[in-house]
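Just follow the structure's listing: the first ligand is 1, and inside any ligand the first atom is 1. Since the model is a prediction, treat every value here as computed from it, not as a measurement. One is the number of the first residue; the rest follow in order along the sequence.
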Amino acid sequence: MADSRSDTVPDHRSLLSSPEYVDELYAQWRDDPSSVSEHWRSFFSGFDLGAGSAAPSSDEAADQSRVASLIFAYRNVGHLIADVDPLGDGERHETVFDLETHGLTEAHLDRVYDTGHLGGPKQATLREIIESLRLTYCRKIGVEYIHIQDREIRRWLQNEMEPHHNRPPIPTETKRRLLEQLTNAEIFESFLNTRYQGQKRFSLEGMESVIPALHQTMDTAAEGGVEEVVMGMAHRGRLNVLVNILGKPLEMVFHEFEDNLRTTDEADGDVKYHRGYSSGYTTSSGKSLHISLTANPSHLEAVDPVVEGRARAKQRRRQDTETRTKVLPVLLHGDAAFAGQGLVAETFNLSQLPGYRTGGTLHIIVNNQIGFTTTAAEARSSRYPTDIAKLVEAPIFHVNGDDPEAVAWIVDLAVRFRQEFHRDVVVDIIGYRRWGHNEGDEPAFTQPLMYQKIANRPPVREIYQLQLESEHAITLDESARLRDERQGLLIAAHRSAQESCPMPGEDVHAFHELWDGLDKSFSFSPVDTAVTPETLNRIAAALTTVPDDFELNRKVARRLPAVRKTVEEGGDIDWPLAELLAFGSLLTEGSPVRLSGQDSVRGTFSHRHAAWYDTHTQQAHVPLNHIDGEHATFCVYNSMLSEAAVLGFDYGYSLVEPNMLVLWEAQFGDFANGAQVIIDQFITPAMDKWQRGSGIVMLLPHGYEGQGPEHSNAYLERYLTLCAESNIQVCNLTTPAQYFHALRRQLKRDFRRPLVIMSPKSLLRSKLCVSPMAELTGGSFREILDDPAPPKKPRRLLLCSGKIYYDLVEGRKAADIDDVAVVRVEQLYPFNSELFHDVTAPYRDAAEVAWVQEETRNRGGWGYMLPILLEAFPDRQVRYIGRGPSASPATGSPRVHKQQQQAIVDEALGE
Ligand SMILES: Cc1ncc(C[n+]2csc(CCOP(=O)(O)OP(=O)(O)O)c2C)c(N)n1
Ligand SMILES: [Mg+2]
């Protein structure tokens, strides 16, 4: 463990520093005055009457307050001296527990005091009180819970822990089961060690108690009404968990070690300790659960928000949106990663938010007290790796991994806590890592002393077996048989793996049927995304009807008649309206929509107003949830100020829900680089690595408008470098109708692919950027858009993408130019070469072909488009027109910006 930093321990000398205890006694007195001693009775009655006689009137009362102070010290920081470290050096001393610290002496030990309800007698000698506190708070479990501000929760925990000193008796049958689970965990690792020596498996040895911990999780969860557990974990012990908890066939694991597992034809696959799995689980009492382990990248903790998003979507599926007790998210963390990765804090912060809460997550820390070669003292500034969990006032249980009974009990308590309070809870299982970071690594290079200790330490299975033998809970023969049977199973599976390998059944995925038929390859085949005028009018009615007694903001109200009229008369639809109509149309077709992002409800640019707020009550009204007739729900949320966790969450959500339009919006597109790990490790490669589809939409406001280096550029080029094998779709759209069809298209095809959209800012209000309603009630998405006013004899063909189009056509009009054609690439990837060829065919005789962009030369579409254009126009030089290369995306000067923008247009249209 980290050094004991006793200088941080508060002094509990005075009564005032133990309000907790007085508070408890006061509540007790109010319930039943006879339950406290006479001194406290008179103290509280004086206190209650406000008679000013608040001070205890005798030495005895003063002593009682000193005892109260000591009791509080144990509850508060008893964990400091708990025996939670299997590698620890025995008992530690903290002055906070000394009698003198609290003004007490040996002479007080045999006097009787109020116990403050330790679950036992209401009064006891100080000696008994201390004994009881030490048993509860200072044995193999250290508890941190006094930071929880809700008194009811603290009391609930006390009542769970104190009556039986945080260790209820365990039936023999359970003990034998624990031993069997430990045996299975240990033998699996040692078998792999002998058969596949030196191959990476990130052994769980030293932390085998994680396996009984997870079995207990399932048992308690199922008893508490959980139907499904969604898990996320890192490399450590993952194979062990896959086999021993998820029941992945041993043959499959062996095949993976031999590197000849059958995968689907084109997929590149992933290393074995990153793969996901899902299966049914039967608890010790015969209840059934579904468990899924989310596939994850090497990037530690990146899977956390993805697991949460999956869990939330599954909760919705199971109509578990109130208490969220049917689906339990469980995250396993390494000690170093938990303390180091910011995503952990971000994920905690999601845990109680309206659009993101999942009813509490069980966090299990696989605390082997090391991260690769890094010690605890190097890995964190906090005492424990778990301190970050105090952010959400989670109870934190530190437990000695060499005591499987303590582990099982505390996990049981933790899961019941989650089911009761719907909040996060942390179990920090402290053990060690028997070998190096991986099986080819030498830990003695860096931690020679630690590893001497570890070498002398028997495995937890052995320790527990001896305990059970001495308790006559099991005989030597029985425990040997447990080992032999397991070993025999492994040998048989290894042998049969040489002959054949089972594939996981399709039905192992809960809700897998939702994806039926949605696994086809990407295709440009047009899909019917047009919507009837009647439907649009129905939606427009909802968008413009103010409920009775609702006082709508005047500025918002002012726009409504025009919206109504536009749709009724089939006028020009702007971007914000096209978006709401697209959402509304999907809702009327039974497809829910989830939109999440910073300030997404109103819209960063004040354009969306997805909810209205009553000017008197601030009550929200979401017009799209009031469309006449039956329709699905529009779930729109302002997210917390994070990119990685929120995008990860929404991506996770999209994995479960192919028939829901799931959108994540960046405040400005460049902020998405804070979520780069989710983009690089999940969204773009997931299909190739894990055969997992997603239809998530990323809205990234983009465009050079003089706002400076930030807020101008959404790094289009980054997404384009990640494109291959039709993994994602990258669009830079110019018309509201295109946006409308692109959104609807997401749910209308027989495949799902993430959609990245460079979305507009100033164009949201541009009079030019509108589409006649006929383009919504007819037509479909076009990857390439032709010039709406095609010149007959073009001397130059300009190709572009996004907002610069409007500058070009405006410039062309202003200068009365009629020999320059402008063609827009609306979808850059996958690139529709055939359509491009058809659209550009009439302009092939143009003397010159140029790519025009407003982004700097090292950004935007140029680098990606150049080879495409060279191939499309083999006999031409393709000219670049745009900003020069620049380290920074854009100038900080609006004046310079304007000059640059003008220069691009001038060059594009000039002679
Ligand atoms: C984000 C990230 N940074 C760095 C690494 C490289 N890395 C892999 S394992 C590891 C140590 C992890 O320590 P801990 O979280 O305690 O887990 P343990 O291996 O001890 O179980 C590191 C640094 C990584 N996988 N992910
Ligand atoms: Mg570790």
Side-chain angles (χ1 to χ4, degrees), residues 1-2 84-87 185 189 200-211 213-214 231-242 270-275 294-306 331-347 363-382 384-389 398-399 401 426-443 445-447 450-451 453-454 643-645 648 673-682 685 689:
M1 299 296 295
V84 291
D85 179 5
L87 305 180
E189 297 292 352
K200 272 190 205 175
R201 65 191 149 93
F202 298 104
S203 157
L204 187 61
E205 285 156 288
M207 293 294 317
E208 289 95 330
S209 287
V210 166
I211 296 298
L214 287 173
M231 284 178 61
M233 72 179 293
H235 52 285
R236 179 75 50 210
R238 191 175 174 105
L239 298 177
N240 210 317
V241 169
L242 279 166
D270 199 354
V271 292
K272 49 192 164 295
Y273 40 83
H274 288 162
R275 289 185 191 142
T294 312
N296 68 280
S298 178
H299 296 54
L300 294 166
E301 307 295 345
V303 80
D304 300 1
V306 179
L331 290 173
L332 272 70
H333 311 267
D335 50 318
F338 197 63
Q341 291 290 304
L343 253 175
V344 172
E346 290 192 21
T347 307
H363 299 268
I364 296 179
I365 317 299
V366 185
N367 186 351
N368 55 16
Q369 312 192 56
I370 195 160
F372 204 162
T373 66
T374 302
T375 60
E378 295 164 312
R380 59 180 187 258
S381 294
S382 54
Y384 297 112
T386 51
D387 286 6
I388 190 69
H398 307 283
V399 56
V426 179
V427 175
D428 176 23
I429 305 179
I430 301 163
Y432 52 91
R433 188 186 68 194
R434 181 160 296 282
W435 314 112
H437 173 62
N438 62 49
E439 286 55 40
D441 207 65
E442 174 50 82
F445 286 150
T446 46
Q447 278 80 24
M450 185 184 197
Y451 274 81
K453 255 192 210 169
I454 291 173
E643 283 74 29
N673 61 14
Q676 203 65 47
V677 62
I678 303 296
I679 297 161
D680 291 348
Q681 265 57 46
F682 290 91
K689 292 197 293 192

S.K.: Roughly how far, to the nearest 0.5 Å, is CZ of Arg236 from NE2 of His333?
M.R.: 15.5 Å
S.K.: Output yes when the distance from some N or O of ligand 1 to some N or O of Ile370 is under 3.5 Å, and no in every other case.
M.R.: yes
S.K.: Does only the side chain of Thr374 get under 4.0 Å from ligand 1, or the backbone, or both, or neither? Count heavy atoms.
M.R.: neither
S.K.: Starting from atom 17 (O) of ligand 1, what is the nearest protein heavy atom, named by residue and atom, and what distance separates them?
M.R.: Gly334 CA, 3.7 Å
S.K.: Closer than 4.0 Å to some heavy atom of Ala336 - which atoms of ligand 1 meet that?
M.R.: 13 (O), 14 (P), 15 (O), 16 (O)
S.K.: Identify which of Ala337, Ser298, Gly206, Ala234 has a heavy atom lying nearest to atom 24 (C) of ligand 1.
M.R.: Ser298
S.K.: Report yes or no: does Asn368 have an N/O/S atom closer than 2.8 Å to the Mg ion (ligand 2)?
M.R.: yes
S.K.: Could an N or O of ligand 1 be found under 3.5 Å from any N or O of His235, whether backbone or side chain?
M.R.: yes
S.K.: Report, in ascending order of atom number, the atoms of ligand 1 lying under 4.0 Å from any heavy atom of Arg236.
M.R.: 18 (P), 19 (O), 21 (O)
S.K.: Is Ile370 close enough to the Mg ion (ligand 2) to have an N, O or S atom under 2.8 Å?
M.R.: yes
S.K.: As an exercise, state the distance from CG of Asn673 to CG of Asp680, rounded to the nearest 0.5 Å.
M.R.: 10.5 Å
S.K.: Ignoring hydrogens and angles, tell me if any N or O in the side chain of Arg201 forms a donor-acceptor pair with the backbone of Glu439 under 3.5 Å.
M.R.: no
S.K.: Which residue from Leu204, Leu300, Ile365 reaches closest to atom 2 (C) of ligand 1 through any of its heavy atoms?
M.R.: Leu300
S.K.: When rounded to the nearest 0.5 angstrom, what is the spacing between CE in Met233 and CD1 in Ile364?
M.R.: 9.5 Å
S.K.: What I'd like to find out is whether the side chain of His363 reaches to under 4.5 Å of the side chain of Phe338, using heavy atoms alone.
M.R.: yes
S.K.: Counting each atom of ligand 1 from 1 as listed, which ones have a heavy atom of Phe372 under 4.0 Å away?
M.R.: 11 (C)
S.K.: Look only at the side chain of Glu378 and the backbone of Ala376, and say whether a donor-acceptor pair between them is shorter than 3.5 Å.
M.R.: no
S.K.: Under 4.0 Å from atom 12 (C) of ligand 1, can you find at least one protein heavy atom?
M.R.: yes
S.K.: Of all the heavy atoms in His299, does at least one lie under 4.0 Å from an atom in ligand 1?
M.R.: yes
S.K.: Using a distance threshold of 4.0 Å (strictly less than), state whether atom 9 (S) of ligand 1 has a protein heavy-atom neighbour.
M.R.: yes
S.K.: Below 4.0 angstrom from a heavy atom of Asn368, which ligand 1 atoms are there? Numbered from 1 as shown, please.
M.R.: 18 (P), 20 (O), 21 (O)
S.K.: Any idea which N/O/S atom from Asp335 gets closest to the Mg ion (ligand 2)?
M.R.: OD1
S.K.: For the 3.5 Å polar cut-off, considering only N or O atoms, please tell me whether Gln341 and ligand 1 meet it.
M.R.: no
S.K.: Measure Asp335 to ligand 1 on non-hydrogen atoms and call it side chain, backbone, both or neither using the 4.0 Å cut-off.
M.R.: both
S.K.: With rounding to the nearest 0.5 angstrom, report the CD1 to CD distance, Ile211 to Glu189.
M.R.: 8.5 Å
S.K.: What residue among Asp85, Asp428, Asn367 forms side-chain hydrogen bond (donor to acceptor under 3.5 Å, both in side chains) with His398?
M.R.: Asp428
S.K.: Between Glu301 and ligand 1, which residue portion shows a heavy-atom distance shorter than 4.0 Å: side chain, backbone, both, or neither?
M.R.: neither
S.K.: Could you tell me whether the side chain of Glu442 and the main chain of Gly436 form a donor-acceptor pair under 3.5 Å?
M.R.: no
S.K.: For the side chain of Lys689 and the backbone of Gln681, is there at least one donor-acceptor N/O pair under 3.5 Å apart?
M.R.: yes
S.K.: Taking the side chain as every heavy atom from C-beta outward, state whether Pro305 and Leu343 have any pair of such atoms under 4.5 Å apart.
M.R.: yes
S.K.: Hey, is the main chain of Trp435 close enough, under 3.5 Å, to the side chain of Glu205 for a donor-acceptor pair?
M.R.: no
S.K.: Heavy atoms only, cut-off 4.0 Å: how does Arg433 contact ligand 1, side chain, backbone, both, or neither?
M.R.: neither
